[in-house]
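This report concerns only the one structure given below.
Heads up: numbering here begins at 1 and tracks the sequence. What you see is a predicted model, and the numbers here were worked out from it, not measured in a lab.
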Amino acid sequence: MAEPSQDLEQRLREALRIRNYSLATERQYVHWARRYVRFHRARRPGPLGAPSIRAFLEDLAVRRSVSPATQHQALCAVVFFYRHVLGREPGEFSDFVKARRRPRLPLVLSREEVGRLLAELDGIEAVVAALLYGSGLRLSEALRLRVKDLDFERRELTVRSGKGDKDRRTILPDALAPSLRRAIAWSRRLFERDLARGVADVELPHALARKYQNARQELAWRFVFSAADLSTCPRTGIRRRHHLHPTRVQRAVRAARRAAGIDRPVGCHTLRHSFATHLLEDGYDIRTVQELLGHADVRTTMIYTHVLNRGGRGVRSPLGELPR
């Protein structure tokens, strides 16, 4: 099987990092570049063009039956590869066969089920899971929260560089304030220990490490949910303290689902879906919910209007009106 040369792969990584793409996106784009080159059994994709891209995307849709989102991700990765690594436009291939879009309703828990799920969690995992439901965060957004992003006085928190590299503000639940203060106190103890050992360091976004050279020595930039151990950055090789690994929370939520007796495939993102649905059930304006979730288009938020707990779009079945 052919693979892109190490030189091309390294140039792809550098192009992504210069443009501040996340590590997760970098891994996905490298993965799709490898699959594209492997699909055509070409070590160097230079001679390949629009027909080759069309064939690759159609194979994903027709033979592999991938979702539209997966096909779109592959498309973005290949186009980025051509433009920013090979230095040329990929050509016209917009007539490729699109993956079929299959509407899917999000899984939503009832309030009683959310309570049972959260009751089965403890420790820092319980705080993170409660924040996903209480503030409508994605797991990555919750774990990347820094001390400076929490405003207890205004009862709000700021999500930095969320999906689409956008910032937004959302609610900080009063019920979580004591737990979040304890999490910050734990991060403070780790920070002071790191300072004493001379290893106080934290990853800073974009070029802030150069702009604010003393930020590494300030508690404000620490992650709220700091990891107990130091880890090595896969990009820079620098050993520093990062935030909790997402798999730790994901495994805890799966175990809590089983303990709570919920026989549905509940994950961390289910709590965000439940947050949005329950707000709409309570009568909050859909535009407000859109802003709290960080959706660019209100149509994305509108999917939750189809899963409101109103028994089939608010229609009452005539079966219940029959005389006994």
What are the two closest heavy atoms between Glu58 and Asp95, and how far apart are they?
OE2-O, 4.2 Å

As an exercise, state the distance from CG of Leu172 to OG1 of Thr158, rounded to the nearest 0.5 Å.
10.0 Å

Does the side chain of Arg88 reach to within under 4.5 Å of the side chain of Tyr82, using non-hydrogen atoms?
yes

Taking the side chain as every heavy atom from C-beta outward, state whether Thr70 and Arg64 have any pair of such atoms under 4.5 Å apart.
no

Main-chain N/O of Cys268 paired to Arg272 side chain as donor or acceptor, under 3.5 Å
no

Over all heavy atoms of both residues, which pair between Ala130 and Leu118 is shortest? Give the atoms and the distance, please.
N-CD2, 4.0 Å

Here the gap from Glu113 atom CD to Ile262 atom CD1, rounded to the nearest 0.5 Å, amounts to 5.0 Å

Could you check whether any side-chain N or O of Arg241 sits under 3.5 Å from a backbone N or O of Ala228, counting only pairs where one atom can act as donor and the other as acceptor?
yes

Between Phe81 and Leu12, does the side chain to side chain contact (heavy atoms under 4.5 Å, CB included) criterion hold? Intermediate values first, please.
CA-CA 7 Å; Phe81 185 60; Leu12 174 58; 4.1 Å; yes

Thr270 and Leu117, any side-chain heavy atoms less than 4.5 Å apart
no

Is it the case that Ser231 and His242 place a side-chain donor and acceptor less than 3.5 Å from each other?
no

What's the separation between atom CZ in Arg169 and atom CG in Asp149, rounded to the nearest 0.5 Å?
10.0 Å

Which atom of Ala74 lies closest to which atom of Phe56, heavy atoms considered:
CB-CE2, 4.2 Å

How far does CZ of Arg239 sit from CG of Asp201, to the nearest 0.5 angstrom?
12.0 Å

Verify the neighbour count for atom NE2 of His72: are there more than 12 heavy atoms of other residues, nucleotides or ligands below 6.0 Å?
no

Verify salt bridge (Lys or Arg N to Asp or Glu O under 4.0 Å) between Asp297 and Arg299, making sure each step is shown before the conclusion.
CA-CA 5 Å; Asp297 193 328; Arg299 288 176 295 182; 2.7 Å; yes

With no hydrogens and no angle check, just 3.5 Å: does a side-chain donor-acceptor pair link Glu92 and Ser94?
yes

Quick one: NE2 on His243 to OG on Ser187, what's the gap to the nearest 0.5 Å?
12.0 Å

Please tell me if the side chains of Arg35 and Phe39 come closer than 4.5 Å, counting only heavy atoms from C-beta onward.
no

Side-chain donor/acceptor of Ser135 to backbone N/O of Ile171, under 3.5 Å:
yes

For residues Val127 and Trp186: do they belong to one hydrophobic cluster (side chain heavy atoms under 4.5 Å, members Ile, Leu, Val, Met, Phe, Trp, Tyr)?
no

Check: Trp221 and Arg146 side chains under 4.5 Å, non-hydrogen atoms:
yes

Please determine whether residues Leu230 and Phe191 belong to a single hydrophobic cluster, defined as Ile, Leu, Val, Met, Phe, Trp and Tyr linked transitively by side-chain heavy-atom distances below 4.5 Å.
no

Do side-chain atoms of Arg11 reach the backbone of Val85 as a donor and acceptor pair under 3.5 angstrom?
yes

Angle class for the Tyr304/His273 ring planes (parallel below 30°, perpendicular above 60°, tilted otherwise)?
tilted

So which atom in Arg257 and which in Arg264 form the shortest heavy-atom distance, rounded to 0.1 Å?
CD-O, 2.8 Å

Is there a donor-acceptor contact under 3.5 Å from the side chain of His40 to the main chain of Leu48?
no

Identify which one of Arg160, Lys163, Arg168 satisfies the salt bridge (Lys or Arg N to Asp or Glu O under 4.0 Å) criterion when paired with Glu141.
Arg168

How about Arg251 and Arg254: do any of their side-chain heavy atoms sit closer than 4.5 Å?
yes

Locate the shortest heavy-atom distance separating His278 from Arg111; write the atom from each residue and the value.
O-NH2, 3.1 Å

Side chains of Gln250 and Thr247: does their closest heavy-atom pair fall under 4.5 Å?
yes

Mind checking whether Tyr29 and Phe80 have parallel, tilted or perpendicular rings, split at 30° and 60°?
perpendicular

Rounded to the nearest 0.5 Å, how far does CG of Leu292 lie from OH of Tyr284?
9.5 Å

In the single-linkage hydrophobic clustering (I, L, V, M, F, W, Y; side-chain heavy atoms under 4.5 Å), do Val79 and Ile18 co-cluster?
no

Between Leu180 and the options Leu145, Leu157, Leu150, the side-chain contact (heavy atoms from CB on, under 4.5 Å) test singles out Leu150

Let's go through Glu26 and Arg13 carefully: what are the C-alpha distance in whole Å and the side-chain angles of both, what is the deciding distance for side chain to side chain contact (heavy atoms under 4.5 Å, CB included) to 0.1 Å, and is it a yes or a no?
CA-CA 7 Å; Glu26 177 184 320; Arg13 293 183 185 276; 2.8 Å; yes

Just wondering, more than 12 heavy atoms not from Arg100 lying within 6.0 Å of its CZ?
no

Walk me through whether Val224 and Ile184 qualify under side chain to side chain contact (heavy atoms under 4.5 Å, CB included).
CA-CA 5 Å; Val224 174; Ile184 292 175; 4.2 Å; yes

Hey, does the side chain of Arg144 reach the backbone of Ser161 with a donor-acceptor pair shorter than 3.5 angstrom?
yes

Please report the closest heavy-atom contact between Gly134 and Pro173, naming both atoms and the distance.
O-CG, 3.5 Å

Arg34 vs Glu9, test: salt bridge (Lys or Arg N to Asp or Glu O under 4.0 Å). Steps then yes/no.
CA-CA 8 Å; Arg34 288 173 177 171; Glu9 184 173 314; 2.8 Å; yes

With side chain to side chain contact (heavy atoms under 4.5 Å, CB included) as the criterion, how do Ser52 and Tyr36 come out once you've worked through the C-alpha distance, each side chain's angles and the decisive distance to 0.1 Å?
CA-CA 9 Å; Ser52 303; Tyr36 174 68; 3.4 Å; yes

Could you tell me whether the side chain of Ser274 and the main chain of Leu109 form a donor-acceptor pair under 3.5 Å?
yes

Is a side-chain N or O of Gln71 found less than 3.5 angstrom from the main chain of Leu57, in a donor-acceptor match?
yes

In terms of hydrophobic clustering (I, L, V, M, F, W, Y; side-chain heavy atoms under 4.5 Å; direct or indirect links), are Phe93 and Val97 co-clustered?
no

Between Phe275 and Leu271, is there a side-chain heavy-atom distance shorter than 4.5 Å?
no

Determine whether Glu112 and Arg116 satisfy the following criterion, salt bridge (Lys or Arg N to Asp or Glu O under 4.0 Å), listing intermediate values before the conclusion.
CA-CA 6 Å; Glu112 187 267 342; Arg116 281 161 45 200; 3.0 Å; yes

Assigning hydrophobic clusters by single linkage (Ile, Leu, Val, Met, Phe, Trp, Tyr; side-chain heavy-atom cutoff under 4.5 Å), is Val30 placed with Leu23?
no

